[in-house]
Number of protein chains: 2
Amino acid sequence: MAPPNSIRVLLVDDHSVVRMGLAAVLSLDEDLTVVAEAEDGTQALEKYQAERPDVVLMDVRMPGLGGLEALRALLAASPGARVLMLTTSELDDDIQRAIDAGARGYLQKSVSREELVRAIHQVHAGGSYIPEATRRRLLQLAKRKHLSNREGEVLDGMRRGLSNRDIALTLSISEHTVKAHVKAILHKLESADRAEAVARGFEQGLLRVEGR
Amino acid sequence: MAPPNSIRVLLVDDHSVVRMGLAAVLSLDEDLTVVAEAEDGTQALEKYQAERPDVVLMDVRMPGLGGLEALRALLAASPGARVLMLTTSELDDDIQRAIDAGARGYLQKSVSREELVRAIHQVHAGGSYIPEATRRRLLQLAKRKHLSNREGEVLDGMRRGLSNRDIALTLSISEHTVKAHVKAILHKLESADRAEAVARGFEQGLLRVEGR
DNA sequence: GATGCAATCGCCCGAAAGGGCGATACCACG
DNA sequence: CGTGGTATCGCCCTTTCGGGCGATTGCATC
């Protein structure tokens with residue numbers, strides 16, 4: 001069933017439909033063998049230890065232990081792991097983090113069969129694979145103004161309708177400091193007021209709908 | 001290959017991985033046969049006319065002719081078509097529109113194999129299939145406070161960082177009126193200020209990320 | 001014809017926001 | 001050791017916001 005010199009792949013995705021689709025695509029290439037599947041990050045870690053696959057194909061968004069956390073945990077335990085991240089959404093801002101964390105590639109689920117197979121081969125050979133479109137997206141994201149942790153917390157207060165004073169209370173700092181952060185946020189996000197800043201936060205993926 | 005009394009299915013999705021996954025899942029049930037696949041709405045219409053499948057499985061989000069438009073066009077041409085909509089995103093507010101347009105069901109791509117197969121059988125039998133979670137989501141959407149057209153325009157002004165006066169200018173009404181609308185919006189959205197109102201707008205699908 | 005809703009306009013006022021001008025301290029990176 | 005970013009705190013001042021209290025018009029629905 002599994003050819004001797006086959007590339008052994010671990011699939012990690014919470015959607016069984018997607019897992020089967022990936023498995024079907026990989027089965028088209030006789031050099032590829034799916035040796036295990038996992039439905040979440042925790043399972044992925046276990047299966048990796050058990051099977052020691054050559055390449056891991058992992059979804060970014062998963063319930064429980066998410067793709068990014070799983071990626072970090074996996075690489076912490078097995079620094080040599082070769083992981084290709086997959087994503088459904090076009091507007092994930094996780095690309096940068098995934099690459100930083102050590103992913104060897106970052107693909108959309110919209111990739112063609114050929115590109116997916118090529119990517120796996122390339123990653124298995126020790127290289128990395130990032131599609132042109134994703135590369136462009138990375139450049140675009142690099143231009144994005146980055147908020148500090150504190151500013152992120154303040155922005156979150158704003159989105160919840162808190163006044164500067166209330167944000168100060170929840171963060172246990174002075175209102176003056178909050179105002180300073182707000183000013184920095186408005187400037188970085190090129191926004192006229194907190195309403196626009198919140199909108200930009202959603203547009204740029206700094207704020208998320210799904211209850212964080 | 002195709003059993004005589006098989007349910008003939010048309011798959012419509014722009015992601016080849018998903019199409020293969022769906023095909024793989026359906027192939028597990030011997031009563032189901034995928035007779036055609038389409039990558040977008042336009043192709044879907046052609047394939048439907050050519051194959052006259054019993055059930056159509058169609059993605060909501062597609063480039064070109066989107067799923068909803070395709071659904072309407074398909075039902076206009078063939079009122080008897082039985083269409084099951086699929087979606088990737090959990091927070092689509094298209095559920096209502098899809099049902100209204102005549103879809104027989106609305107599934108997440110995260111459905112289990114069993115549920116997907118069951119849904120197709122049910123739809124083929126002339127019934128409809130909407131999962132519990134989706135039903136709940138529908139109820140939640142029904143409770144969603146509805147903004148009037150004018151209020152929607154004012155909310156959009158807020159998200160763009162406009163002051164009440166500037167909104168008044170762009171809408172050619174008095175600032176007093178804008179303030180009245182703003183008050184109504186804050187009340188309907190249960191928000192303390194415009195920043196929270198904008199956040200609620202995004203959360204409830206009243207505002208969208210993708211450049212309107 | 002009443003009832004309800006949307007849209008429009010009005011005033012008063014206190015609280016909050018945001019701009020502009022500062023400052024100190026810490027820490028990491030070069 | 002300087003440079004830059006972050007986090008903290010400070011004051012002054014003008015504009016804007018949002019609450020509370022109104023109102024009239026028109027339109028559709030019942």
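Scope of the values below: all heavy atoms of this structure, side chains included, with no hydrogens, waters or symmetry mates. Residue numbers start from 1 in every chain, and the chains themselves are labelled A, B, ... in the order their sequence lines are given, proteins ahead of strands.
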Salt-bridge criterion met for B:Lys109 and B:Asp13 (N-O under 4.0 Å): yes
Protein proximity profile, nucleotides 14-28 of chain D - base contact B, sugar-phosphate-only contact S, no contact -, cut-off 4.0 Å on heavy atoms: --SSBBBB-------
Rounded distance [0.5 Å steps], CG in B:Leu86 versus CG in B:Leu84: 7.0 Å
Flag if over 12 foreign heavy atoms under 6.0 Å of CZ, B:Arg165: no
Any A:Val56 side-chain heavy atom under 4.5 Å of A:Val12 side chain: yes
Where A:Met158 and A:Val182 come nearest, the two heavy atoms and their spacing: CE-CG2, 4.2 Å
Residues B:Arg19 and B:Glu39 bridged, charged N to O under 4.0 Å: yes
A:Ser16 side chain near A:Glu37 side chain, heavy-atom distance below 4.5 Å: no
Phosphate OP1/OP2 of C:dT8 contacted by B:Ser174 side-chain N/O (<4.0 Å): no
Residue that, paired with A:Glu151, satisfies side-chain hydrogen bond (donor to acceptor under 3.5 Å, both in side chains) out of A:His146, A:Lys188, A:His181: A:Lys188
Contacts of type side-chain contact (heavy atoms from CB on, under 4.5 Å), residue A:Leu75, not counting sequence neighbours: A:Leu71, A:Ala81
Ion pair check, B:Glu69 and B:Arg72, cut-off under 4.0 Å: no
Donor-acceptor pairs under 3.5 angstrom involving side-chain atoms of residues 116-126 of chain B: please list them, not counting sequence neighbours.
residue, atom, partner, partner atom, Å
B:Arg118, NH1, B:Tyr129, OH, 3.3
B:His121, NE2, B:Asp29, OD2, 3.2
B:Gln122, NE2, B:Ser128, O, 3.3

Rounded (10°) bend between the five-pair end axes of the helix from C:dG1-D:dC30 to C:dG30-D:dC1: 60°
d(CD1, B:Ile185; C1', C:dA6) in whole Å: 13 Å
Taking N or O atoms only and anything under 3.5 Å, show me the protein contacts with nucleotides 4-7 of chain D, one pair per line.
residue, atom, partner, partner atom, Å
D:dA7, OP1, A:Ser148, OG, 3.4
D:dA7, OP1, A:Arg150, N, 3.2
D:dA7, OP2, A:Ser148, OG, 2.2

CG on B:Leu107 to CG on B:Asp59, rounded to 0.5 Å: 11.5 Å
Pairing of A:Glu51 and A:Arg8 as salt bridge, 4.0 angstrom limit: yes
Protein and nucleotides 23-28 of chain C: nitrogen or oxygen contacts under 3.5 angstrom:
none

